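Letters A, B, ... are given to chains in the order of the sequence lines, protein chains preceding strands, and every chain is numbered from 1. Source: prediction; values computed, not measured.
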Number of protein chains: 2
Amino acid sequence: MLQKKIFLDESEMPRQWYNLAADLKMRPPLGPDGKPVSPEMLAPVFPMNIIEQEVSTQRWIDIPEKVLELLSIWRPSPLVRAYALEKALGTPAKIYYKNESVSPAGSHKPNTAIAQAYYNKEFGIKRITTETGAGQWGSALSFACAQLGLECKVFMVRVSFEQKPFRQMMMNTWGGKCIPSPSMETAAGRAVLESDPDTPGSLGIAISEAIEAAVTDPTGETRYSLGSVLNHVMLHQTIIGLETKKQLAKVGIKKPDVVIGCCGGGSNFAGLSFPFVNDKINGADIEIIGAEPASCPTLTKAPFLYDHGDIAKMTPLLPMHSLGHTFIPAPIHAGGLRYHGMAPLVSAAVEAGLVKPVSLHQNECYNAGVLFAKTEGIIPAPETNHAIAATIREALKAKEEGKEKTIVFNFSGHGLMDLIGYDKYLHGQLTDYELPDEEIAKTVNLLKDYPKP
Amino acid sequence: MLQKKIFLDESEMPRQWYNLAADLKMRPPLGPDGKPVSPEMLAPVFPMNIIEQEVSTQRWIDIPEKVLELLSIWRPSPLVRAYALEKALGTPAKIYYKNESVSPAGSHKPNTAIAQAYYNKEFGIKRITTETGAGQWGSALSFACAQLGLECKVFMVRVSFEQKPFRQMMMNTWGGKCIPSPSMETAAGRAVLESDPDTPGSLGIAISEAIEAAVTDPTGETRYSLGSVLNHVMLHQTIIGLETKKQLAKVGIKKPDVVIGCCGGGSNFAGLSFPFVNDKINGADIEIIGAEPASCPTLTKAPFLYDHGDIAKMTPLLPMHSLGHTFIPAPIHAGGLRYHGMAPLVSAAVEAGLVKPVSLHQNECYNAGVLFAKTEGIIPAPETNHAIAATIREALKAKEEGKEKTIVFNFSGHGLMDLIGYDKYLHGQLTDYELPDEEIAKTVNLLKDYPKP
């Protein structure tokens, strides 16, 4: 019998995260005055120990023992050889997937949620606020806060709160408090509700509320948390790729030929790929592919510039690929990939020619996801389907070329909480959104007077 | 760092199932004439290789290589030491749980679904029919049929079909065909719809439709499949307990003191416990506890007798604990435990004094489930909460007695598809149903002229 799953013992977990900022020249985030943001300016929003990680250029950063202990609830995650998928494709390629869906929240998100909750607690913080769109991040942070005994308040975009009641039930079960945004709990929320009581809400408003709720707590014991984009989030996710390298070594693979992840804010992609980007910087021949939706082509079509991370312009200006913070992506089902920007570290890796972006339409992605479910068994998250579709392209290319390549992709999450997209796909009701270049030019043009990186 | 998870390599998977029927005197199923049912009479319903297993008294039965290969998509499942739960309870007991929620369908059900799909395929069958209530079994069989290239048709109780759309989306994604029952596809369904077009359907009608669809296929290439109760289902599930024994041995535990599972039809309980029942028969001192809902107290309050397995009386008479096939359990959220009878093998083990049943109310169970989610991380299925609540009772007893007992329970599934019960529990809206003895007497009394075991 062929062995499918490669496990590591808990004792073999990596003891340090890899920080790509040590190996790439990064531009600083800028404040409203166009000057670099100092750590002190971020102190009301994040605890100082996380801010230190955010600006660190140290290559290896120790993972605290308590974080390892909590990650070991589900980590190390298995690396799985996708024999049945290979067979269905008739490819000579060896396909491996890193199964991040085994976490209690069902995705890679808890990797950073646990770390962030830990650092907040260490710093004496009692409550964390955040926003969530479809609910994936809010769930992960609620789970993490439960493990560390912190309070968690999640501002969930109202339309999602109402359409996806199961996500708020998950959060509530872990003891998180999930409230629809806009809410009456913040000045920002009240202002919106006053002018538009029936608003569906937006991620921009939810971010504003979450930050306001953190910085206005008179006890000073509340901070805000973000689930993607920022450097410290990418850092925490690198445990994915570091484990993968150990697992490949166990089956005698010195290096993969192709590494693939889907790209939204960038964190699951960074998590798997950055340790391999490091190898590539040191001379290894590895193709690293970021798969994004064609309807939100941040890396494949948008310029590299300074932009806000959010539509409400609460964040500093970040150096990144961006479609402009006013860009509203088409309503594809991979909600986690509907983000106008891209993590500065991922953007910098693309700029440096270390990462190759590709874009895919959602019907191709769902087609890949259904094939995966029927062969490998697990129903993937809509976001993950982008990585699978890109993997299938590469596996078929290897078949054409007759090459026995090793392809590794990040199985970032399962789709059990997001089945409606499959239903629509199976009934032929999914639209592939073509994004006209003029539309990108329009939202990007609004940034023409911003500082340039 | 303490090691939480005990894994086995795929190469360490058990090579044989354990058949408790070799060690207990079993009474045969009876036909409408009161005479034992012969294998030939079952041949239109099940393939002969499964019927042979159903009546086998061989103690150890080889697991086919192909079944092992498909089980290894997620097996061996981890055995996990629940350190955080122990700490929260302040108990000296060592608590381990066997995590069956890691299967693609999210529960233990695929253990038998894969085996049944395999034997059907071996026998030349092309299509399998089944019924499903809340959808857990239909999902598992759809998943299994996808892996083996069989067609799968699931008759889902109409009210569940409409209230739980996500379950049918899961089945459809794996290529299963899920249709609301009653349907126009069978004579049984048409008859019900004619007299009551707005019927919510029932498990009894769905069973009738699934069996009719199998036995009336003129090609003879369709058979029916059942997800619990029958001997061969219990057999396939014993891989759970057999793995558990190997895993306990790895951490130096010769035998657990207490083994716990929740009981509906009996299959997850049998899966974990039967290998330990075998040890107990051979002299080991192990307490084996079956945890059932107080509102459906099959083992704790119902007599041992001959009864039909279904309300439609399509099945033979089975020797089992039963509340009577006309008994309708209260609408608790643990849908998988709302069954009037109990697997004949589990019933026989209780009769022989090898298994001790306990009953629990659902508020106690959800309270246990929420504590588990906050400590161990995973949100349990409502059914699983019964096993957790019984475990907590035992752990607190061990604390009182100051005994360092080893308790093992079966974590039969996750609750991500069944969050509504948690929502109601957290809002104080869950009712504990007290079942009056008279009500049991009434439905049991209807069986007074049936043959006695």
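Using a 4.5 Å heavy-atom cutoff, the side chains of L419(A) and R167(B) are not in contact. A 4.5 Å side-chain heavy-atom check between L426(B) and M169(A) finds every atom pair outside the cut-off.
Screening residues 71-86 of chain A for salt bridge (Lys or Arg N to Asp or Glu O under 4.0 Å), with sequence neighbours left out, gives R75(A)-E100(A), R75(A)-E243(A), R81(A)-E86(A).
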Report all side-chain donor-acceptor pairs from residues 142-152 of chain A shorter than 3.5 Å, counting only partners two or more places apart or in another chain.
from    : atom 1 : to      : atom 2 : distance (Å)
S142(A) : OG     : G138(A) : O      : 2.9
Q147(A) : NE2    : F143(A) : O      : 3.2

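Within the 4.5 angstrom heavy-atom criterion, only side-chain atoms of M417(B), from C-beta onward, approach chain A.
No other option in D9(B), L68(B), I73(B) has as many heavy-atom pairs under 4.5 Å with chain A as I73(B). For chain A, the option among V102(B), N99(B), I420(B) with the highest count of heavy-atom pairs below 4.5 Å is I420(B).
Among the residues in residues 1-8 of chain B, those with a non-hydrogen atom closer than 4.5 angstrom to a non-hydrogen atom of chain A are M1(B), L2(B), Q3(B), K4(B), K5(B), F7(B). At a heavy-atom cut-off of under 4.5 Å, chain A is reached by V370(B), A373(B), K374(B), T375(B), E376(B), G377(B), I378(B), I379(B) from residues 367-384 of chain B, listed in order of number.
The line from OG1 of T173(A) to OH of Y366(B) is 9.5 Å long, rounded to the nearest 0.5 Å. One distance of note links OH of Y422(A) with CE of M170(B); it measures 11.0 Å at 0.5 Å rounding.
Around NZ of K246(A), the count of heavy atoms belonging to other residues, nucleotides or ligands within 6.0 Å exceeds 12.
By the 30° and 60° cut-offs, the orientation of the rings of F166(A) relative to F166(B) is perpendicular.
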